Amino acid sequence: MSYRFTLIPGDGIGPEVSAATMRAIAATGVRIDWEEVAAGAGALASHGTTLPDATLKSVERNRVGLKGPIATPVGKGFTSVNVALRKELDLYVSLRPVKSVPGVHTRHDGVDLVIFRENTEGLYCGREHSPAPGVVETLRILTDRASERIVRWACQYARAEGRRRLTCVHKATIMKKSDGLFLAAFRRIEDEWPFLTFDDELVDDTSRGLVLAPKTYDLLVMENLYGDVLSDLCAGLVGGLGVVPGANIGDRCAVFEAVHGSAPDIAGRGLANPTALMLSGVLLLRHIGEKVAAQRLESAVFDVLSAGIVRTGDLGGTATTREFTDAVCVRAGA
Ligand code: NAI
């Protein structure tokens with residue numbers, strides 16, 4: 001059996017890390033026919049827009065996409081392609097598993113937590129205006145519907161992955177109405193999930209707790225801005241954006257992506273570390289039910305990193321993207 005999914009190679013190092021990830025997935029024995037489409041600065045040059053309609057249609061049709069980093073042209077009035085993709089496809093879950101990577105030494109070992117960030121509302125609605133000179137208002141919109149669906153999604157993930165504790169991160173002590181609404185949605189469905197422990201914590205307490213004792217957290221669900229900030233904080237706990245995967249998921253489709261940028265400073269030189277996108281490939285394989293292949297690919301990446309011999313420059317090694325990918329493919333082989 002062969003799947004047909006969408007590939008958005010992206011800009012800068014995007015084509016390099018995408019090619020590496022496609023090879024690594026193929027090495028597990030899962031056959032995917034990739035439909036390649038454009039988005040980002042490259043698409044602007046070739047299609048006159050950063051997000052061609054054909055790209056959205058391809059993801060809608062194939063339901064699953066793999067996306068390299070995208071450069072949004074600065075200062076020319078372009079909105080972020082990543083934000084537009086989430087909005088157009090209603091990818092309401094930002095899934096960010098954060099796991100210590102063997103061989104990548106940081107202050108804390110044994111971190112294994114997951115952040116679920118609501119991806120469509122909050123301060124990221126993009127509704128800002130200036131009611132008077134020198135004054136700006138930004139609307140922060142939260143709804144029952146969007147808050148409840150992200151919490152439900154997190155609960156379903158917990159059941160599928162055998163996780164036991166879900167923490168709602170908020171600031172309902174100050175923003176009683178908006179964060180209060182999110183917290184109420186969380187508490188409203190608690191009784192439906194008897195196998196899960198529900199607790200909640202103020203976002204400032206969580207920030208401190210994550211830095212001091214990240215191992216004490218399991219699953220964390222939160223609105224958009226808190227999720228954006230804490231996802232990157234957590235990436236820093238395990239070695240940075242180069243080693244954590246990400247996915248944007250909705251009811252109709254899902255896009256798996258590296259969370260680092262397009263790294264224009266090293267693009268085209270074979271120096272990029274494909275770890276983050278390969279681990280996003282692991283999420284993709286799990287999402288489509290290819291659990292054995294997912295496990296094989298994750299172990300292959302972790303084995304290569306933990307052996308410490310084949311490493312790209314960002315992790316202190318001298319290996320090229322190709323050499324690192326070769327080493328992963330050998331270990332991921334079916
Ligand atoms: P960046 O993540 O591209 O680069 C920051 C530093 O990390 C650079 O020194 C770069 O060489 C290094 N780096 C990043 N990924 C690496 C990898 N896989 N292997 C080795 N080294 C790596 O962030 P920056 O410079 O702020 O952004 C560059 C462009 O990327 C901008 O146009 C920005 O809008 C875009 N961007 C796109 C994202 C996405 O599509 N998800 C996320 C963040 C930024």
Side-chain angles (χ1 to χ4, degrees), residues 6-24 37-45 50-51 55 59 65-89 91 94-96 101 104 115 117 119 124 224 227-229 231-236 238-249 254-281 283-284 301 304-305 310-325 327-328:
T6 298
L7 174 74
I8 305 171
D11 300 309
I13 59 170
E16 296 164 72
V17 292
S18 304
T21 302
M22 287 189 291
R23 271 188 66 204
V37 291
L44 184 62
T50 52
L51 186 55
T55 300
V59 182
L66 179 72
K67 184 181 81 60
I70 284 178
T72 303
V74 181
K76 295 177 190 161
F78 293 104
T79 52
S80 158
V81 170
N82 294 315
V83 173
L85 259 179
R86 286 169 208 159
K87 205 167 154 190
E88 292 294 328
L89 300 172
L91 305 175
S94 165
L95 172 68
R96 292 277 289 268
V101 181
V104 177
I115 292 189
R117 159 188 171 195
N119 232 354
Y124 290 44
N224 211 336
D228 194 6
V229 175
S231 298
D232 277 22
L233 182 153
C234 287
V238 297
L241 295 178
V243 294
V244 289
N248 293 301
I249 302 174
V255 175
F256 297 82
E257 63 174 2
V259 290
H260 57 71
S262 59
D265 52 331
I266 56 165
R269 294 161 56 197
L271 301 175
N273 181 356
T275 295
L277 196 60
M278 283 183 180
L279 293 178
S280 303
L283 298 184
L284 183 157
V301 173
V304 174
L305 289 171
V310 186
R311 280 180 177 213
T312 46
D314 55 310
L315 295 179
T318 56
T320 62
T321 310
R322 172 170 282 281
E323 286 162 348
F324 181 82
T325 307
V328 170

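Bear in mind the structure is a predicted one, so any value in this text is a computation, not a measurement. Both counts, for ligands and for their atoms, begin at 1 and track the order of listing.
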Show me which atoms of ligand 1 lie under 4.0 Å from any heavy atom of [X].
X	answer
Val259	42 (C)
Ala263	3 (O), 10 (C), 11 (O), 13 (N), 14 (C)
Lys67	40 (O)
Ile266	11 (O), 20 (C), 21 (N)
Ala71	32 (O)
Pro264	28 (C)

Next on the checklist: Any nitrogen or oxygen of Ile70, side chain or backbone, less than 3.5 Å from one on ligand 1?
Outcome noted: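 N/O-N/O distance below 3.5 Å exists for this pair.
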Next on the checklist: For the 3.5 Å polar cut-off, considering only N or O atoms, please tell me whether Gly261 and ligand 1 meet it.
Outcome noted: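 Yes, at least one N or O pair falls under 3.5 Å.
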Backbone, side chain, both or neither: what part of [X] comes under 4.0 angstrom of ligand 1, heavy atoms only?
X	value
Asn273	both
Ala258	backbone
Val81	neither
Ile13	side chain

Item to check | Candidate pair Ser18 and Leu7, rule side-chain contact (heavy atoms from CB on, under 4.5 Å), full reasoning | outcome: CA-CA 8 Å; Ser18 304; Leu7 174 74; 4.0 Å; yes
Next on the checklist: Within 45 degrees of the ring normal and closer than 6.0 Å to the centroid, is that where the cationic atom of Arg117 sits relative to Tyr124?
Outcome noted: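 Relative to the ring axis of Tyr124, which defines the angle, Arg117 lies inside both limits.
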Checklist entry - Looking at OG1 of Thr55 and CD of Glu88, how far apart are the two atoms once the value is rounded to the nearest 0.5 Å? => result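 Those atoms lie 12.0 Å apart.
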Checklist entry - With respect to atom 8 (C) of ligand 1, which of Val17, Asp232, Leu315, Asp265 exhibits the smallest heavy-atom separation? => result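 Nearest heavy atom to atom 8 (C) of ligand 1 lies in Asp265.
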